[in-house]
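Here the structure comes first, spelled out in structure tokens, and everything after it is commentary.
We name chains A, B, ... by the order of the sequence lines, and we start the count at 1 in each one.
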Number of protein chains: 2
Amino acid sequence: MLTVERQTKIREMLKEKEMATIHELVETTGSSESTIRRDLTEMEERRELKRVRGGAALLKRRQEEPALIEKQVQFVEEKQQLAHYAASLIKQQDCIFLDAGTTILYMIPHLKDREITVVTNGITHVPLLLEHSITTYVTGGKAKEKTSALVGHAAAETLKNYRFDACFLGVNAVDDEAGYTTPDPEESVVKQTALQVGNKNYVLADHSKMGETAFAHIAPLHAATLVTTEDISEDHQQRYSEYTEIKVVKS
Amino acid sequence: MLTVERQTKIREMLKEKEMATIHELVETTGSSESTIRRDLTEMEERRELKRVRGGAALLKRRQEEPALIEKQVQFVEEKQQLAHYAASLIKQQDCIFLDAGTTILYMIPHLKDREITVVTNGITHVPLLLEHSITTYVTGGKAKEKTSALVGHAAAETLKNYRFDACFLGVNAVDDEAGYTTPDPEESVVKQTALQVGNKNYVLADHSKMGETAFAHIAPLHAATLVTTEDISEDHQQRYSEYTEIKVVKS
DNA sequence: TCAATTTCAATCATTTTCGATCATAAACAA
DNA sequence: TTGTTTATGATCGAAAATGATTGAAATTGA
């Protein structure tokens with residue numbers, strides 16, 4: 001049996017079953033274990049599959065990401081709710097800006113196959129967006145060490161070339177007096193610019209952000225519609241609604 | 001049996017089964033192994049099929065570029081050599097441009113903890129660059145479906161804001177007449193702009209790119225120093241050196 | 001925990017495949 | 001005719017692929 005032929009069979013088996021044991025592969029190809037092992041090693045180097053003990057598995061692009069995200073991220077369910085609702089605000093043919101950050105990331109699966117154009121400064125969003133067949137543009141800018149978000153003057157400048165039907169932003173803190181704030185001034189300048197070029201703006205924030213303030217000012221509350229969940233206090237709901245439109249997502 | 005007749009049989013067999021072993025072909029044609037080998041070599045040169053060890057396979061007539069995954073398949077070691085050498089050209093404090101693409105990707109591990117500033121249009125490079133503590137800026141632009149590379153006018157525009165000590169580019173094809181070429185015009189515009197704003201420019205290309213041409217013109221050979229390996233033919237070395245500086249990396 | 005089993009990478013001998021070379025025979029030209 | 005070109009088949013050493021074996025590492029089960 002030809003090498004290419006054998007490796008094609010391996011690919012086919014994996015497509016069918018997600019994973020396969022070495023023994024299975026030995027049987028269906030009629031080759032020796034050594035040969036199969038060599039094939040798997042080679043194919044893993046080519047990123048065609050992932051070796052696992054005893055066999056091989058189809059590799060999923062996001063294999064590492066969820067684990068990473070789950071660890072770092074708090075209030076996942078709350079953020080999912082926010083993201084789901086926010087995605088429903090987007091209309092066919094819209095051009096939208098998606099801020100970097102995990103809350104916004106969760107919006108992407110809900111955008112699958114919608115005819116929209118997305119601009120983002122979140123490097124980590126890009127593979128996921130492309131996977132979901134979404135036309136994607138990326139802002140320029142300096143890449144932030146931990147999050148890979150694009151920030152700073154350069155990012156803001158490229159944003160000025162666009163006009164958005166809607167902008168979806170994450171922030172670190174929401175307060176009626178301080179408005180929306182975030183720790184990194186380099187980031188705030190990007191968010192500010194997005195708010196300037198967006199027609200309708202939304203800030204997604206879970207309950208932990210409420211009544212907090214961070215170092216860098218972004219904008220006063222009225223600059224965007226605040227999307228949050230029932231988990232925030234009545235008091236906060238009351239206070240913020242005096243300054244801006246606020247949408248409380250019910251679970 | 002006539003030569004044409006024999007080769008027609010080979011074509012037919014391939015159409016049926018996608019691939020065929022030399023032994024099979026020897027049997028059905030009644031010719032010797034040597035003859036079949038000669039046929040296959042000849043037919044491969046005419047791009048009628050692809051030789052694989054032990055036989056031949058139908059070649060997929062894809063106009064599109066091979067996906068990133070398939071691309072990574074080939075000549076990894078050669079690319080590593082190129083990347084290693086290219087990295088040695090970078091000086092402390094340099095500002096450099098790193099093109100998207102796997103060959104260039106391999107440069108990154110060699111840049112660890114160097115005091116340099118990198119600008120790239122390769123989304124996939126960013127996490128790796130940050131991991132190695134390298135100051136990283138990203139161009140804007142449209143994200144390409146398969147490779148996540150940033151391309152098009154927007155990418156080129158942001159590049160004009162920078163000046164580089166050195167640019168490192170990948171290309172799909174190198175030819176003394178056609179110069180450097182690549183299948184995607186959206187990509188070529190980015191590479192062109194990089195060449196304009198770079199002080200010293202390098203094109204990294206393995207032997208498979210030599211003497212080939214692709215759809216979109218980037219620049220004539222003299223626009224960059226060609227970095228390649230011993231694997232390319234004497235003839236190509238000779239010819240290209242008439243047009244541009246060429247560095248042949250020894251293993 | 002320990003022992004048994006499975007899985008693994010590394011190594012080696014064998015087999016297969018390859019390209020190069022040479023000899024032969026047929027086709028062709030002078 | 002004779003010499004030349006071309007296609008073919010055979011052979012050979014080198015390179016690559018394969019299969020078997022081994023001891024180490026990981027996993028499992030008691």
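Going from atom CD1 of A:I36 over to atom P of D:dG19 covers 9 Å, rounded to whole Å. The separation between A:E5 atom CD and D:dA17 atom C1' is 15 Å, rounded to whole Å. Between the P atom of D:dT18 and the CE atom of A:M1 lies a distance of 11 Å, rounded to the nearest Å.
Here the side chains of A:R6 and A:T35 are in contact, with some heavy-atom distance below 4.5 Å.
The two residues B:P185 and B:F215 come nearest to each other via the heavy atoms CG-CE2, 3.7 Å.
Neither OP1 nor OP2 of D:dG9 sits under 4.0 Å from any side-chain N or O of B:S34.
Summary of the strand contacts: A:D39 and B:D39 both lie near DNA chain D, and taking for each the nucleotide with the nearest heavy atom, the more 5' one is attributed to B:D39. For A:R38 and A:L2, each mapped to the nucleotide of DNA chain C holding its nearest heavy atom, the one lying further toward the 5' end belongs to A:R38. For B:R53 and B:E33, each mapped to the nucleotide of DNA chain D holding its nearest heavy atom, the one lying further toward the 5' end belongs to B:E33.
Between B:F164 and B:F97, the ring-plane angle classifies as tilted under the 30° and 60° cut-offs.
Judged by distance alone, with hydrogens and angles left aside, the side-chain atoms of A:N121 form a donor-acceptor pair with the main-chain N or O of A:A100 at under 3.5 Å. Between the B:D165 side chain and the B:C95 main chain, a donor and an acceptor come within less than 3.5 Å of each other.
B:Y137 meets the ring pair (Phe, Tyr, Trp, His ring centres under 6.0 Å) test with no other residue; sequence neighbours excluded.
Checked by distance alone, B:R37 brings no side-chain donor or acceptor within 3.5 Å of a matching partner on the base of D:dG9.
The A:T3 side chain lies nearest to D:dT18 when the options are D:dA16, D:dT18, D:dT8.
Nucleotides of DNA chain C with any atom under 4.0 Å from a heavy atom of chain B span, from 5' to 3', C:dT17 to C:dG19.
Note on B:V26: nothing from the nucleic acid sits closer than 4.0 angstrom, heavy atoms only.
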